[in-house]
Amino acid sequence: MFRSKINRLLKSESPLDKVLVKGWIRTRRDSKSFSFIELNDGSCLENLQIIASDTLENYSQIKNLTTGASISVVGKMMESPGKGQKWELDATDIHVLGLSPENYPLQKKRHNDDFLRTIAHLRPRTNKYGATFRIRSELSFAIHKYFREKDFYYVHTPIITASDCEGAGEMFNITAFDLDNAPKVDGKTDFSMDFFGKEAKLTVSGQLSAEMLALALGNVYTFGPTFRAENSNTRRHAAEFWMVEPEMAFYDLFENMDLAEDFIKSLTSHILSHCSNDIKLFANFVDKNLLSRLEKTMTERFARITYEDAVKIINNSGRTFEYDLSFGKALQAEHERFLTEIYFGGPVIVYHYPKDNSPFYMRLNDDHRTVANMDILLPTVGEIIGGSQREERLDVLVSRMDELGLNQQDYWWYVDSRKFGTAPHSGFGLGFERMMMFLTGISNIRDVIAFPRTPKNIEF
RNA sequence: UCCCCAGUAGCUCAGUCGGUAGAGCAGAUGGCUGUUAACCAUCGAGUCCGCGGUUCGAGUCCGUGCUGGGGAGCCA
């Protein structure tokens, strides 16, 4: 017999004679001659109310079922005489698939996020985390849909890499050596004997590879896992996270910004229309300002200011900040929050940052002191996008690499792309989990990843 | 890595001045009831995070370690 999903059943226009559902019990209440069972199968936030009559042959067993138990139910779906739900399932047959003893950690009341993190294997069974992971799935789909409709190609870039990309960010080493017995030369590990014949790492970005594909296919994007071995202990950082990195041939910085802004608006709109019930949960219980913030993001144009103007605004704000700011200094978290949460009260694009402290691949501006890059800052989550127009001029690129002390040999193929048919191009990286945080109001990145990896945390 | 906070029943928490552990929820039993985190009664439930110290006596004070969280830095 075909198993129905609860999300489909609840949308039914008419009663159904015989349906089969399977799921987990959220709660059970007794009445005089029957028992109410709230069943959830993960297909939606809502439960299906099951009526289990005492005429069922295994009623004594059913009466002892507790929160968390899994069952299979055959019955007739009819209009519910009670308030609070349109449909209910009058069971003709209930099979118990798995019991849930009294020490089942999840109860029908609210738990806090700290505790749920310690039972990451069970928390998807709660309303909030079920909703989170359904939205995460839908957001992934929305990304592919967006780019497909714009004729971008989805490309896969290596997860194992030999170059340390931007030189920024600690990387995880990977090796096939037995670490207690690795070959050595002059006291140092001899990576020429290792699997790849040189030191290998987990990628921190697919950008350099994606550029090569953009310079062949036109517009491309990557969407995959990224790794940082930074000892970051914050609610916004994880050691393993997902990043979306579009890369577009013949785009300048401003076309790059236009795409990034449209992308964020489109994803927001997609989730609001396709996950409305799940989003309502977050609007009601997690963040009261969620809907107005998302609405504003979709309809209003993002503010755009240069880094230099940002510095002026901050210094003329009349506010005192912990860190002083002048040209050349990095915007601190407190400055970014001021811009996006207070001064503009919405998304802000800050562009043309100082050349110093910028990576070698960002295109040098004509003023020779700034580069053609941009960050997009969102209220509550901070930086969600970092992007730039890439340096396509061979001579400028090479002198920048020299300036920063990078070895050209390590990037020979990247430099090659500027020797043969070089072209202006641009791209950006969007932090997928930070987008999830923005859309749900969830304040900790550990709560938008099923099994998060952070320093000292790899339990699940 | 630095600064701050926390760790008590399966869960959420209380615990006064240092005097030997107590509520709600969950569970079990009984009652009531087309219920909505149902309700009422009864019962069982503890390595008070670990180690060391002060004290006649430590959940409580001191030191230290571990774990978790918040903020900062780094970034997406």
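Chain letters run A, B, ... following the sequence lines, proteins first and then strands; every chain starts at 1.
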Could you check whether the side chain of A/S232 and the base of B/C74 have a donor-acceptor pair of N or O atoms closer than 3.5 Å, going by distance alone? yes
Atom C1', compared across B/A6 and B/G59: separation rounded to whole Å: 14 Å
So, is A/R446 close to the B/G70 phosphate, meaning a side-chain N or O under 4.0 Å from OP1 or OP2? yes
Take the protein atom OH of A/Y323 and the nucleotide atom C1' of B/G73, then report the distance between them rounded to whole Å. 7 Å
A/S426: which of A/E392, A/Q389, A/R390 passes side chain to side chain contact (heavy atoms under 4.5 Å, CB included): A/Q389
B/G68: pairing nucleotide in any strand, Watson-Crick or G-U under 3.5 angstrom: B/C5
Between A/M171 (CE) and B/A76 (C1'), how many Å, whole number? 15 Å
Would you mind classifying the nucleic acid contact of A/A238 as base, sugar-phosphate or nothing, using non-hydrogen atoms under 4.0 angstrom? base
Whole-Å distance separating the CG atom of A/D114 from the P atom of B/C13: 9 Å
Taking atom C1' of B/A76 as reference, at what distance in whole Å does atom CD of A/E230 sit? 12 Å
May I ask you to check whether A/S443 and A/R235 show a side-chain donor-acceptor distance below 3.5 Å? no
Distance, P atom - from B/C61 to B/G18, rounded to whole angstrom: 8 Å
Could you check whether A/I385 gets within reach of a base, just the sugar-phosphate, or nothing at all, counting any heavy atom under 4.0 Å? sugar-phosphate
Across all strands, who's sitting opposite B/A76 as a Watson-Crick or G-U wobble pair, both distances under 3.5 Å? none
Where the side chain of A/N231 is concerned, which of B/C74, B/U35, B/U1 is the nearest nucleotide? B/U1
Nearest of B/G70, B/A76, B/U29 to any side-chain atom of A/N444? B/G70
For A/T234, which contact category applies under a 4.0 Å heavy-atom criterion: base, sugar-phosphate, or nothing? base
Minimum-distance nucleotide to A/S80 side chain [options: B/A76, B/G34, B/G27]: B/G34
Look at the side-chain N and O atoms of A/R337 and state whether any lies under 4.0 Å from the OP1 or OP2 oxygen of B/A72. yes
Which is it for A/E334 and A/R319 under the salt bridge (Lys or Arg N to Asp or Glu O under 4.0 Å) test, yes or no, and what are the steps along the way? CA-CA 11 Å; A/E334 55 175 349; A/R319 288 171 175 259; over 6 Å; no
Using a cut-off of 4.0 Å on non-hydrogen atoms, how would the nucleic acid contact of A/N233 be classed: base, sugar-phosphate, or nothing? base
So, does A/Q49 get its side chain near the phosphate of B/U36, meaning an N or O under 4.0 Å from OP1 or OP2? no
Are any side-chain N or O atoms of A/E199 and backbone N or O atoms of A/N173, one a donor and one an acceptor, separated by less than 3.5 Å? no
Please tell me which of the listed nucleotides, B/G10, B/G69, B/U33, lies nearest to the side chain of A/R117? B/G69
Proximal nucleotide (of B/U1, B/U33, B/G10) relative to the A/S31 side chain: B/U33
Using a distance-only test with no angle check, is there a side-chain donor-acceptor pair under 3.5 angstrom linking A/R125 and A/N40? no
Give the rounded distance in Å between these two atoms: CG of A/L89 and P of B/U36. 20 Å
Under 4.0 Å between any heavy atoms, over every strand shown, what does A/H111 touch: base, sugar-phosphate, or nothing? Just pick one. sugar-phosphate
N or O in side chain of A/R29 less than 4.0 angstrom from B/U35 OP1/OP2: no
Side chain of A/Q85, base of B/U35: donor and acceptor closer than 3.5 Å? yes
How far does the C1' atom of B/C56 sit from the matching atom of B/C25, given to the nearest Å? 40 Å
Sorted by position of nearest nucleotide on RNA chain B, 5' first, the leading residue of A/M78 and A/G386 is A/M78
B/U8 and B/G24: how far apart are their C1' atoms, nearest whole angstrom? 15 Å
Can you tell me how far P of B/U12 sits from CG of A/N112, to the nearest Å? 5 Å
Which part of the nucleic acid does A/E88 contact within heavy-atom distance under 4.0 Å: base, sugar-phosphate only, or nothing? base
Under 3.5 Å, is there a donor on one side chain and an acceptor on the other for A/E308 and A/H352? no
Any stacking of A/F432 on B/A76, going by centres under 5.5 angstrom and planes within less than 30 degrees? no
So, the side chain of A/R434 versus the backbone of A/R236: is there a donor-acceptor pair under 3.5 Å, distance only? yes
For B/U54 and B/G71, measure between their C1' atoms and round to the nearest Å. 34 Å
Base, sugar-phosphate alone, or nothing: which one does A/L116 contact when heavy atoms must sit under 4.0 Å apart? nothing
Where the side chain of A/K456 is defined as all heavy atoms beyond and including C-beta, which of B/G69, B/G73, B/G68 is the nearest nucleotide? B/G68
Whole angstrom value for the distance that separates P of B/U33 from NZ of A/K63: 12 Å
Side chain to side chain donor-acceptor pair (under 3.5 Å) filter on A/E383, not counting sequence neighbours, yields none
Looking only at side-chain N and O atoms, does A/S232 offer a donor or acceptor that is under 3.5 Å from a partner on A/T234? no
Think A/T27 has a side-chain N or O under 4.0 angstrom from the OP1 or OP2 of B/A38? yes
Provide the distance between the two P atoms, one in B/C66 and one in B/C39, to the nearest whole Å. 44 Å
Should A/R235 be listed as having a side-chain N or O under 4.0 Å from OP1 or OP2 of B/G71? yes
Separation of the C1' atoms in B/C51 and B/G7, to the nearest angstrom: 16 Å
Send over the distance from A/F115 CZ to B/C25 C1', rounded to a whole Å. 13 Å
At less than 4.0 Å, is any side-chain N or O atom of A/R26 found next to OP1 or OP2 of B/U36? Yes or no. no
Could you work out the separation of B/C13 and B/A72 based on their P atoms and round it to a whole Å? 24 Å
For B/A41, which nucleotide is its Watson-Crick or G-U wobble mate, given both distances must be under 3.5 Å? B/U29
Selected nucleotide, minimal atom distance to A/Q332 side chain, candidates B/G27, B/U67, B/G73: B/G73
Scan every strand shown for a Watson-Crick or G-U wobble partner of B/G63, both distances under 3.5 Å, and answer none if you come up empty. B/C51
5′-ward residue of the pair A/R28/A/I51 relative to RNA chain B: A/I51
